[in-house]
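Only one structure is covered here, and it is reproduced in the block below.
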Protein chains: 2
Amino acid sequence: MAAALEHSKETIAMRVVDALRDDIITMALKPGDVISESDIAGRYGVSRQPVREAFIRLAQQGLLLIRPKRATVVKKISPTGVRQSRFIRESIEVEIIRRVAGQPSDDAADVLQTLIADQEAASAANDSRRFHTLDELFHRTLARLAGVEYAWQLIDDHKMQLDRVRYLTLGVSSTQRAIAEHKQIVEAVAKADPAAAETAMRAHLARAELLLNQTISDFPDFFE
Amino acid sequence: MAAALEHSKETIAMRVVDALRDDIITMALKPGDVISESDIAGRYGVSRQPVREAFIRLAQQGLLLIRPKRATVVKKISPTGVRQSRFIRESIEVEIIRRVAGQPSDDAADVLQTLIADQEAASAANDSRRFHTLDELFHRTLARLAGVEYAWQLIDDHKMQLDRVRYLTLGVSSTQRAIAEHKQIVEAVAKADPAAAETAMRAHLARAELLLNQTISDFPDFFE
DNA sequence: CCCGGCAGCCTTCCATACAAGACGGATAAT
DNA sequence: ATTATCCGTCTTGTATGGAAGGCTGCCGGG
């Protein structure tokens with residue numbers, strides 16, 4: 001895992017952050033794993049200092065837990081934390097979809113239709129990685145249409161817990177169903193029907209609860 | 001300002017974080033001010049290392065802006081950032097108040113009534129600092145009653161921008177009006193009327209928009 | 001006057017050494 | 001056999017020196 005740091009970002013610390021976050025989300029580093037500054041530093045051939053700063057950043061993002069003078073561990077996934085992250089996301093996305101459906105711009109429906117077409121292509125090609133990216137883009141586009149794209153960035157920070165769960169269920173999730181639900185949402189937007197849009201959005205997000213419960217029983221060691 | 005670090009927390013870095021955050025929110029450090037690691041380190045009599053880590057943490061919380069190899073500045077307040085923080089808060093608090101008013105627990109109204117009484121006392125004593133604390137507690141209590149107290153912590157992180165604005169308007173805000181609005185909210189909860197509760201909550205939060213606009217014209221240098 | 005280069009000073013960034021707490025196992029006393 | 005204590009070894013926390021890059025202003029050539 002993670003042989004050489006990609007020298008994409010400016011500082012070493014940033015590169016370490018990106019590398020570690022990727023390892024954590026893709027479960028190369030599993031919840032509960034114990035790591036240490038010198039460990040990671042040696043693995044990447046850098047000094048402890050930038051690794052330490054990376055730890056601080058990732059700890060603030062809820063991916064690591066620094067136990068002073070003891071050790072640093074990859075944080076286990078907190079079910080209640082995930083549920084409340086979902087609560088937050090639902091609150092915001094419902095408000096977003098109300099705005100978009102309430103005063104849809106002229107090209108809103110068209111843009112969303114195009115995205116769904118791409119998703120169908122990705123689904124047909126069985127490219128779940130790309131499908132995931134497009135799914136995210138779909139929701140981000142809704143935020144942009146509501147004029148609160150900045151708010152989505154903010155969700156992003158607290159969405160990584162959900163992403164870890166999602167990664168564990170990559171093959172499981174039925175892309176067909178997700179696409180159908182997206183279509184319902186767009187349909188409501190086209191009709192400028194906020195109430196229907198809200199209902200469709202809530203139904204769409206509610207599925208995550210089922211996945212979470214299944215994942216907990218499949219990988220109990222990864223949860224608190 | 002901030003003579004000796006209160007030795008409340010474990011590590012020096014944490015103490016520096018608390019001290020700096022307090023200075024920023026209370027406007028002892030003004031938006032646009034340039035600071036440096038050695039500057040702060042000398043001021044508190046510690047080495048640069050813990051200061052540097054404090055900078056990283058505060059930068060991730062959006063209070064500082066680290067410009068690599070150049071300098072570190074107290075971030076100016078972004079009006080659109082504040083508006084979108086408000087959007088997020090409104091989304092979540094509306095969802096919360098719906099839940100609370102939809103299925104109010106037995107003692108919900110009583111607890112809230114007590115808080116309002118305390119607020120009236122603080123208002124009568126002209127203790128705006130305490131009033132602010134109680135106002136925050138009111139909203140946090142609502143989150144607890146809805147079973148999503150963790151979610152409130154999460155709001156807290158992104159509420160500091162709003163707090164800086166609020167501090168600039170300490171004497172301005174009419175506590176009487178806020179109390180009246182709180183009463184309306186509690187009344188709707190007591191009647192178990194989610195729609196009325198939602199309306200009252202939105203009206204309550206909407207006032208912040210006016211304060212923001214006035215503050216921008218009063219302190220243009222503090223905004224982007 | 002105008003403009004390009006260069007030097008000095010500033011910053012953050014990185015490396016390294018040391019300090020101090022926490023843990024585990026060996027060891028010795030009971 | 002059991003238990004308390006100490007010591008080696010891990011960890012993160014702090015201090016400090018130097019590296020690398022950016023900014024300013026002087027200075028000299030046009």
Side-chain angles (χ1 to χ4, degrees), chain A residues 2-21 23-24 29-76, chain B residues 2-21 23-24 29-76:
Chain A
L5 258 28
E6 310 200 1
H7 45 290
S8 42
K9 291 297 176 60
E10 301 282 339
T11 70
I12 296 181
M14 292 180 185
R15 292 198 284 271
V16 175
V17 167
D18 287 346
L20 282 178
R21 176 170 43 217
D23 284 346
I24 293 173
L29 287 174
K30 297 179 174 49
D33 280 1
V34 175
I35 58 183
S36 85
E37 294 173 1
S38 5
D39 176 19
I40 303 295
R43 193 176 304 176
Y44 288 120
V46 300
S47 104
R48 265 186 52 207
Q49 187 61 28
V51 174
R52 175 174 178 76
E53 299 180 0
F55 278 18
I56 293 175
R57 288 185 155 90
L58 293 171
Q60 269 205 329
Q61 297 181 8
L63 294 180
L64 291 183
L65 175 64
I66 300 176
R67 302 195 310 180
K69 304 292 181 69
R70 285 176 200 81
T72 298
V73 302
V74 179
K75 214 174 179 187
K76 294 205 177 187
Chain B
L5 260 28
E6 311 199 1
H7 44 291
S8 43
K9 291 294 175 65
E10 300 283 336
T11 70
I12 296 180
M14 292 179 185
R15 292 199 285 270
V16 175
V17 166
D18 288 346
L20 283 178
R21 178 171 39 218
D23 284 347
I24 293 173
L29 287 174
K30 296 179 175 46
D33 280 0
V34 175
I35 57 182
S36 84
E37 295 172 0
S38 8
D39 177 19
I40 304 295
R43 193 175 304 176
Y44 288 120
V46 300
S47 102
R48 286 171 8 234
Q49 184 63 24
V51 175
R52 175 175 176 74
E53 299 182 359
F55 278 16
I56 293 175
R57 288 183 155 91
L58 292 170
Q60 267 205 330
Q61 298 182 9
L63 293 181
L64 291 183
L65 176 65
I66 300 176
R67 304 195 311 181
K69 304 292 176 70
R70 282 176 205 88
T72 299
V73 303
V74 180
K75 215 174 179 185
K76 293 204 176 187

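These numbers were taken from a predicted model, which means no experiment stands behind them. Naming: A, B, ... by sequence-line order, numbering from 1 per chain.
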Quick one: is C:dC13 close enough that its OP1 or OP2 comes under 4.0 Å of any side-chain N or O from B:Arg52?
-> yes
Its 5'-most and 3'-most nucleotides having an atom under 4.0 Å from a non-hydrogen atom of chain A, DNA chain D is contacted over D:dT11 to D:dT14
Any side-chain heavy-atom pair of A:Gln49 and B:Gln49 under 4.5 Å = yes
Rounded to whole Å, CD of B:Glu37 lies from P of C:dC14 at a distance of 11 Å
Residue pair A:Arg67/A:Glu53 against DNA chain C: nearer the 5' end by closest nucleotide is A:Glu53
Which pairs, protein N/O on one side and nucleotides 17-20 of chain C N/O on the other, fall under 3.5 Å?
none

To the nearest angstrom, the CD1-C1' distance between A:Ile12 and C:dT16 comes to 14 Å
Just list the side-chain donor-acceptor pairs under 3.5 Å for residues 56-75 of chain B, sequence neighbours left out, or say none.
from    : atom 1 : to      : atom 2 : distance (Å)
B:Gln61 : OE1    : B:Arg21 : NH1    : 3.1
B:Arg70 : NH1    : B:Pro68 : O      : 3.3

**Message:** Using the rule given for side-chain contact (heavy atoms from CB on, under 4.5 Å), can you reason through A:Arg48 versus A:Val51, listing the C-alpha separation, both sets of side-chain angles and the distance that settles it, and then say yes or no?
**Reply:** CA-CA 5 Å; A:Arg48 265 186 52 207; A:Val51 174; 5.6 Å; no
Note: B:Ala13 and B:Ala54 closest approach over all heavy atoms is O-CB, 4.1 Å
Which part of the nucleic acid does B:Ile35 contact within heavy-atom distance under 4.0 Å: base, sugar-phosphate only, or nothing?
sugar-phosphate
Between A:Ala41 and A:Ser47 the two heavy atoms that sit nearest each other are CB-O, 3.6 Å
Check: With a 4.5 Å limit on heavy-atom distance, are the side chains of B:Phe55 and B:Leu20 in contact?
Finding: yes
Of A:Ile66 and B:Gln49, the one whose closest nucleotide on DNA chain D sits nearer the 5' end is A:Ile66
Whole-Å distance, B:Ile56 CD1 to C:dT12 C1', equals 10 Å
Whole-Å distance, A:Arg70 CZ to C:dG24 C1', equals 15 Å
Under 3.5 Å, which donor-acceptor pairs link side chains of residues 29-40 of chain B to any protein atom two or more places apart or in another chain?
from    : atom 1 : to      : atom 2 : distance (Å)
B:Lys30 : NZ     : B:Met27 : O      : 3.4
B:Asp33 : OD2    : B:Lys30 : N      : 2.9
B:Ser36 : OG     : B:Asp39 : N      : 3.1
B:Glu37 : OE2    : B:Arg52 : NH1    : 2.8
B:Asp39 : OD1    : B:Arg43 : NH2    : 3.3
B:Asp39 : OD2    : B:Arg43 : NH2    : 3.3

